[in-house]
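Data first, discussion second: the structure below is written as structure tokens.
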Amino acid sequence: MGIAQFMTDEHRSCDDHFAAAEQAAANSDWQTAEKAFLAFSNDTLTHFKREEEELFPTFEAQTGNVQGPTQVMRYEHEQVKGLIGKLAEALEAQDRDAYLSLCESMMILLQQHNMKEEQMLYAMCERLLPPDLKEETLSKMKQVEL
Amino acid sequence: MFNQNGLSLDQAPPISVVFRFFLSGSLFGLLAGTFICLFGTDIFNPDTTQALIITHTLTLGVMLSFMFAALFQMLPVIAGIKLTAPTQKANLVQYPFILGVLSLLFAFHSGKPAFFMGASLLLGSAILGIAFVMLKNLIALPNHSNSSRGMSVALTSLVVLTLLALYMTGTLAGLWQGNYYTQIKTAHYSFGLFGWIALLIISISFQVIEMFYVTPPYPAFISKSLPQRVFGLLLIGTVGSFFFEKTWMVIDLFIIIFMLCYALMTLRRLSQRKRPIADATVWLWRLGMGLLVLSMAATLDTRFYDVASLKALNYIFFAGFALSIVLAMFYKIVPFLTWFHLNSQGYFTAPMMHEVIHPKTAMKHLYIHIATLLAFTVSVFIPAVIYLAATLTLLSFGWMLWQIVHAWKLYVHTQKTGEKFEMNIA
Ligand SMILES: [Fe+2]
Ligand SMILES: [Fe+2]
């Protein structure tokens, strides 16, 4: 499995947790919502860390471009983290309307971020990085923990 | 570097660029409703001036305005294209565009060559100008997605259909003879309905269906080549029609098949979405796809039965398809942008999406929209109902106008009174 496939799979699995949490919150089943939301936020934050600590620096070193796409991605990670905090507050308060409203923003933000990565950044990594470096980066990414 | 002018925001155009086109679109919608009040069911007879006027109020005034809004917004998001000086460009497009549409409507009404001349200059320069700028940026892209490739094809269709329109307005302005008027007219509306409106919706949907509703991506046989194929068919139809009168009969058949494949696949993707909550926009997409299917069925039927009512229904279904998708996009884009811009500017008090437009407000518009479409459909058989349809059209666009004004006010209010959070991460 290559970098693009592994990371794309992670995006999809985060989507699943997120959707489960949203549906549970819509049904006011807060216990299930909390469990799914925790899985979502843990996985997402770990995924971000894999990118910020391993993938992006490798990409930047290879292309010599530190101000380009990776910088945009980092900024968007901050926005998503901000929303995760707000979602957690709404969950804590069991504020259904606020939670669902924040979900809406989160999904648009996160999906367009993921698409940019999948269509551009990961694709460029697959194309530009030499095979050994790809393997090395992937195994390093897998070791990253929160 | 992560201050209020964050990088991501840098890519998005100012909110006013997008909102101004939504505003002019809904104002033209109100104009369309007024015309329908005045013209009654004459609008269903394609040979009347009234039909021409209402068609162009809807396709140019309403649809093109909304599509400009979508393009200015989606090009940075979908293709990573940053248009330089977007506000200035939007102004340069919008003012000549509005004057051009009005001039064209006067021209249809009065038949005066001077108005056709004015419309040609204003609309020609505004539309071709912005289309070239956007195409130039799209062609320069190093990495294409299916969506950005499709948008390039749709914009090329816009260029073609505008050039064809200029041939006709030039003829009516007395600049030349216009020996090929009939063939050009068919090519013009085929490129307009399928090459531009349908293909732009299709290309944008390749991205937004997945993004808004979290669905599997479209299969490659649709997303990789459908826009290019439809465009190719339209070209063949146009050239062929100069030699064989029946060319479009065959071409339309293929286009219908492509449109049906797309509509059915979209319905399937919507049923596969991971986010199970069905808000108004999900229903608007479903409604739009259903209407596209009906419209294609009606197009097929008009091959065999040359019945006026069938043509009128086709007209209603296709317009309903396009407007449903516009509404679906509108109810995602307006709340998201309001929240996104304020949040990125660091306002604590940025309203959440549901505070900008509540889901129930969008649902109410869905019901108004369905009622409008039903009224139009009934009016084909009971002409008096057209006045109900016209009133509902006014209500529908008025509703939209109110949402934009409300969102804009909220945006300005938050900027004036909101507490700001200075992010100093670096
Ligand atoms: Fe990321
Ligand atoms: Fe990622």
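Just so it is clear: chains get the letters A, B, ... in the order the sequence lines come, proteins before strands, and each one is counted from 1.
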Review point. What option among M120(A), Q23(A), M115(A), Q119(A) has the most heavy-atom pairs under 4.5 Å with chain B?
Key: M115(A)
Study note, to complete from the structure: Given A19(A), A20(A), G82(A), the one with more heavy-atom pairs under 4.5 angstrom with chain B than any other is A19(A)
Review point. Cut-off 3.5 Å, side chains only: do Q79(A) and S344(B) have a donor facing an acceptor?
Key: yes
Check your understanding: Between H144(B) and chain A, which part of the residue has a heavy atom less than 4.5 Å away: side chain, backbone, both or neither?
Key -> neither
Check your understanding: Which answer fits A123(A), side chain, backbone, both or neither, if we ask what part of it has an atom under 4.5 Å from a heavy atom of chain B?
Key -> neither
Practice item. Examine whether an atom of M124(A) lies under 4.5 Å from a heavy atom of chain B, and if so say whether it belongs to the side chain, the backbone or both; otherwise answer neither. Key: side chain
**Study point:** side chain to side chain donor-acceptor pair (under 3.5 Å) partners of residues 273-282 of chain B, not counting sequence neighbours, each pair once
**Key:** D16(A)-K274(B), E22(A)-R275(B), E104(A)-R275(B), Y213(B)-T281(B), D279(B)-T281(B), D279(B)-K332(B)
Review point. According to the interplanar angle, ranging from 0 to 90°, do the rings of F21(B) and F68(B) count as parallel (below 30°), tilted (30 to 60°) or perpendicular (above 60°)?
Key: tilted
Review point. Parallel under 30°, tilted from 30 to 60°, perpendicular over 60°: which one fits the rings of Y99(A) and F37(A)?
Key: perpendicular
Check your understanding: Which answer fits D97(A), side chain, backbone, both or neither, if we ask what part of it has an atom under 4.5 Å from a heavy atom of chain B?
Key -> both
Study note, to complete from the structure: Under 4.5 Å to a heavy atom of chain B? For L109(A) that would be both
Exercise for review: Measure from the side-chain N and O atoms of S147(B) to the backbone N and O of S203(B), and report whether any donor-acceptor pair falls under 3.5 Å.
Suggested key: yes
**Study point:** Heavy-atom donor-acceptor pair, T44(A) side chain to S41(A) backbone, under 3.5 Å
**Key:** no
